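Side chains included, hydrogens not; waters and symmetry mates left out as well; all remaining heavy atoms used. This structure is a prediction, so every number in the text was calculated from the model and none was measured.
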Amino acid sequence: MKDKYMMKITSLAVVTALITSTVGAISFAAGVNSVKSTTSTAAEAPAITDNVMSATSTDAVTSIIDEQFTVGKEETVYVLASADGTVNKIIVSDWLKNPNHSQSIEDVSELDNIENVKGDESYTINADNMKIWDAQGNDIYYQGTTNKALPVDVSISYKLDGKTISAENLAGKNGKLTIRFDYKNNESQTVEIDGKKQEMYVPFVMVTGMIVDDTKFSNITVSNGKVINDGDRCVIMGLAFPGMQENLGLDKSKLELPDYVEITADVKDFSLTTTVTLATNDVFNSLDLDNVTTMEQLKDSLDTLSSSSMQLVDGSSALYEGLATLLEKSETLVSGINDLYTGAGTLNSGVTVLSTGTTQLSAGTSQLDTGIIALNDGLKTLNDNSQMMRDGAEQVFNSLLAMADSQLEAAGLSVPKLTIENYKEILNGVIGSLNRDTVYSMAYNTALSQVTDVVNAQRPTIRAEVEKAVRRSVLEAVLAQAMPGTSVDDYMAAVAGGLIDDGTIAAVDQAVEAQMATAEIQATIDANTEAKVQSLIAENMNSSDVTTKIEAAVSQAESGAGSVQALMAQLDSYKTFYDGVLAYTSGVDTAYAGSEKLVEGSAQVKEGATSLSIGASSLQTGAEILYGGLGTLKEGSSALISGETELFSGSSKLADGMKEFNEKGIQKLVEAVDGDIDVLITRIKAMIDVSKDYQTFGGKSDDVNGTVKFIYRTDSIE
């Protein structure tokens, strides 16, 4: 029972988690190695006029205006980790919002390797060590790296058939697998509650997700979460609240809030592409409990929390509305198809009676007319809603393409905006550009150019060494003629000792210089210098340092190509559904046009036998058009209904979970604090204050409003 009530308490965060999983975290699971920030468009910002009109006081109006004309900083922290949760790299993407279109923006950042990822604006550093961006009226998007400690540590452990096993030894194994995610909250503040100093943690909601293959995973269970199966794959989601138990001062024997996620499954030939964990405190930042003193007021405030959580992911509401529209029209589809088949049956009977002879003409014509009217009415209902269904399906497709654009941008790939018509061509081009041979050639040529530049910079030194060696050889040849039997070393020693007269020395030097000035000797020096340069270039290119960097670039490109292929597979899957919608609505339109001709023909038949030939011709034409439309309709309708119903049913379950949270979850919280609602509200207020204080990971100016979320992605196990 305790677990049952705990799930009611946490159902709000499940709403957030499940929505996030479909449009955020699982997208990131497709894989990127170089991450840029995902940004909203200007069209997504609320209208200032609408907000002001909805305000109920001068202070509220002032707050809204200040917020919309104040520089803001939106931060996404990408944590790339090993399969056991060990952090390998942290990449931070920052979006500096510039609502006033200022020419410069002041910014504070603790990041290293800062790079503008969406423009050519640069920054300078003033005397206060603050970055001054030359914004030129634009928003600024940049990213950097850091080794700063994370606010929440994620550690992952594995057990196979009850025995602990490392991630690297799991690949290909069979058995009963347990994967446990433990979350340690490191971010807290000392606050005063009822006159006592207490530690209060920043209330992070941790949502962990993964996608697994049904052929390798079965009998899946997850603590504090949900498993969704589409017939081929399972999406596993779990959530936890590290530090929340301590924040609310709850006795675990009465109510336990989870700080871990545990997944069990029977696995066969185990492999795992990745896991993704989202950490955010935004869920609690929209709550205002200043005037809350009763349980009913607390419920009302948590309704506000429910609304705010639904806005955590840009575009999710539009996606839901599109699906809801499709399902609504699917109900009309079912009704229309019933009318359609009823009318078609009646039509068939009427045509049969008509063909038996003129003695049954009157009865057949009447029956035919009834069937045609029923058929026409059913098709008209469907036809009236065809455009809305097409618009809804296109809205969903465009939302998915916008998410794909964000993923490609985050991966550092600059491509044209994806559309329904061009996405396959563009993504195939990206995959082709990441071909191993192509990337190897590019990496090799880049390294060769760099090594060549370095060696050529030393060419004067190399030439001097070569010239020195050639001069010695020339001196040796001159001495062989002028002073037979005297070596170069002996000659140099004799000169140094004053044993050779100045005239002889001058003659030898003159002979050497004359030889050195000849075209033949200069050509030898040039050739030997070039040979030495090429030898050094080859030696550097064959070094382990250069070959390792080339191979790393190739491996990174191969990984990126796999991620893009996975992204295209997702879009192709929805394209099949989208084409079904178009085929269905086209069939409806065609069938309706045919039924209109049938109505015309039936009216002519009723006018009299003399018009029978004309009516029969129209009837035949309409029946042929109708038959073609029904064929197209049959191909697209079944997949449309089942897919929409499943999607909408999931959304309905989320709404039911929220209602259950409001009705029963709060009461269980009150019971856990022995009915002392004042204590509970005081702690929640303190926790919200701590949450609102935590606005940045990489740093920001004090006068800037900030938001921050963390996305942890683990390496694959293969």
Only counting residues at least two apart or in another chain, list the ones meeting side chain to side chain contact (heavy atoms under 4.5 Å, CB included) with Ser82.
Asp84, Thr86, Asn88, Asp715
Between Gln245 (side chain only) and Pro242 (backbone N and O only), is there a donor and an acceptor less than 3.5 Å apart?
no
Step-by-step side-chain contact (heavy atoms from CB on, under 4.5 Å) determination, Val415 to Val430:
CA-CA 8 Å; Val415 298; Val430 172; 3.6 Å; yes
Can you check side-chain contact (heavy atoms from CB on, under 4.5 Å) on Val212 and Ile220, steps first, answer last?
CA-CA 10 Å; Val212 298; Ile220 304 170; 4.0 Å; yes
Tell me, do Val191 and Asp689 make a side-chain contact under 4.5 Å, heavy atoms counted?
no
Separation between OG of Ser109 and NZ of Lys700, rounded to the nearest 0.5 Å:
12.5 Å
Checking Tyr694 against Phe204 for the ring pair (Phe, Tyr, Trp, His ring centres under 6.0 Å) test, could you report, in this order, the C-alpha distance in whole Å, the side-chain angles of both residues, the deciding distance, and whether it holds?
CA-CA 10 Å; Tyr694 191 81; Phe204 286 104; 5.6 Å; yes
With Asp545, which residues qualify under side chain to side chain donor-acceptor pair (under 3.5 Å), at least two apart?
none
Salt-bridge contact Asp572-Lys424 (side-chain N to carboxylate O under 4.0 Å):
yes
Side chains of Thr145 and Asp112 only: does a donor on one sit below 3.5 Å from an acceptor on the other?
no
For side-chain contact (heavy atoms from CB on, under 4.5 Å), just list the numbers for Val708 and Gln695, CA-CA rounded to whole Å, side-chain angles, deciding distance to a tenth of an Å, and then say yes or no.
CA-CA 6 Å; Val708 59; Gln695 298 183 4; 5.9 Å; no
What closest approach, in Å, do Met200 and Val690 show between heavy atoms, and which atom pair accounts for it?
CG-CG2, 3.7 Å
Do Asp232 and Asp213 come within less than 4.5 Å of each other through their side chains, counting heavy atoms only?
no
Leu111 side chain near Asp94 side chain, heavy-atom distance below 4.5 Å
yes
Taking every heavy atom of Val261 against every heavy atom of Gly238, the minimum-distance pair comes out as CG2-C, 3.6 Å
Chi angles and distances behind the side-chain contact (heavy atoms from CB on, under 4.5 Å) call for Phe710, Leu150
CA-CA 9 Å; Phe710 299 81; Leu150 293 165; 4.3 Å; yes
For Ala83 and Tyr158 the tightest heavy-atom approach is O-OH, 2.6 Å
Short side-chain to backbone donor-acceptor contact, Asn186 and Ala149, under 3.5 Å:
no
Measure the shortest side-chain to side-chain distance between Val396 and Tyr574 over non-hydrogen atoms and say whether it is less than 4.5 angstrom.
yes
side-chain hydrogen bond (donor to acceptor under 3.5 Å, both in side chains), that's the test. Do Glu75 and Thr696 meet it? Break it down for me.
CA-CA 7 Å; Glu75 195 166 65; Thr696 182; 3.2 Å; yes
Side chains of Glu199 and Thr190: do they bring a donor and an acceptor to under 3.5 Å?
yes
Quick one: closest heavy-atom pair of Phe397 and Leu571, and the distance?
CZ-O, 4.2 Å
Among side-chain atoms of Thr264 and Thr221, is any donor-acceptor pair under 3.5 angstrom?
yes
In Å, rounded to the nearest 0.5 Å, how long is the span from OG1 of Thr548 to CD of Glu551?
8.5 Å
Please collect all salt bridge (Lys or Arg N to Asp or Glu O under 4.0 Å) contacts where either partner lies in residues 158-168, sequence neighbours excluded, each pair once.
none
Quick one: CD1 on Ile263 to CD1 on Ile179, what's the gap to the nearest 0.5 Å?
5.5 Å
Side chain Asp405, main chain Leu418, donor-acceptor under 3.5 Å
yes
Consider only side-chain N and O atoms of Asn174 and Asp269, and report whether a donor and an acceptor are under 3.5 Å apart.
no
Enclosure of Lys176 NZ (heavy-atom neighbours >12, cutoff 6.0 Å)
yes
With rounding to the nearest 0.5 Å, note down the distance linking OG1 in Thr273 to CD1 in Ile211.
8.5 Å
Taking every heavy atom of Tyr142 against every heavy atom of Ile114, the minimum-distance pair comes out as CD1-CG2, 3.7 Å
Gln198 side chain near Glu192 side chain, heavy-atom distance below 4.5 Å:
no
Could you measure the distance from the CD1 atom of Ile156 to the OH atom of Tyr712? Nearest 0.5 Å is fine.
11.0 Å
Is NZ or CZ of Arg180 both nearer than 6.0 Å to the six-membered ring centre of Tyr260 and within 45° of the ring axis?
yes
Are Val207 and Val205 side-chain neighbours, meaning at least one heavy-atom pair lies under 4.5 Å?
yes
Drop me the distance from Leu96's CG to Lys73's NZ, to the nearest 0.5 angstrom.
5.5 Å
State, with a plain yes or no, whether a side-chain heavy atom of Met210 is found less than 4.5 Å away from one of Leu272.
yes
Quick one about Ser716 and Thr274 (side-chain donor to acceptor, distance below 3.5 Å, no hydrogens or angles considered), yes or no?
no
For Glu110 versus Phe697, what's the shortest heavy-atom pair and its separation?
OE1-O, 4.4 Å
Sidechain-backbone polar pair: Ser218 side chain, Asp214 backbone, donor-acceptor under 3.5 Å
no
Measure from NZ or CZ of Lys216 to the centre of the six-membered ring of Phe270 and say whether it is under 6.0 Å with the direction within 45° of the ring axis.
no
Tell me, with the steps shown, if Asn281 and Ser691 meet side-chain hydrogen bond (donor to acceptor under 3.5 Å, both in side chains).
CA-CA 6 Å; Asn281 65 320; Ser691 180; 3.2 Å; yes
Answer yes or no: is there a side-chain heavy-atom contact under 4.5 Å between Lys268 and Lys173?
no
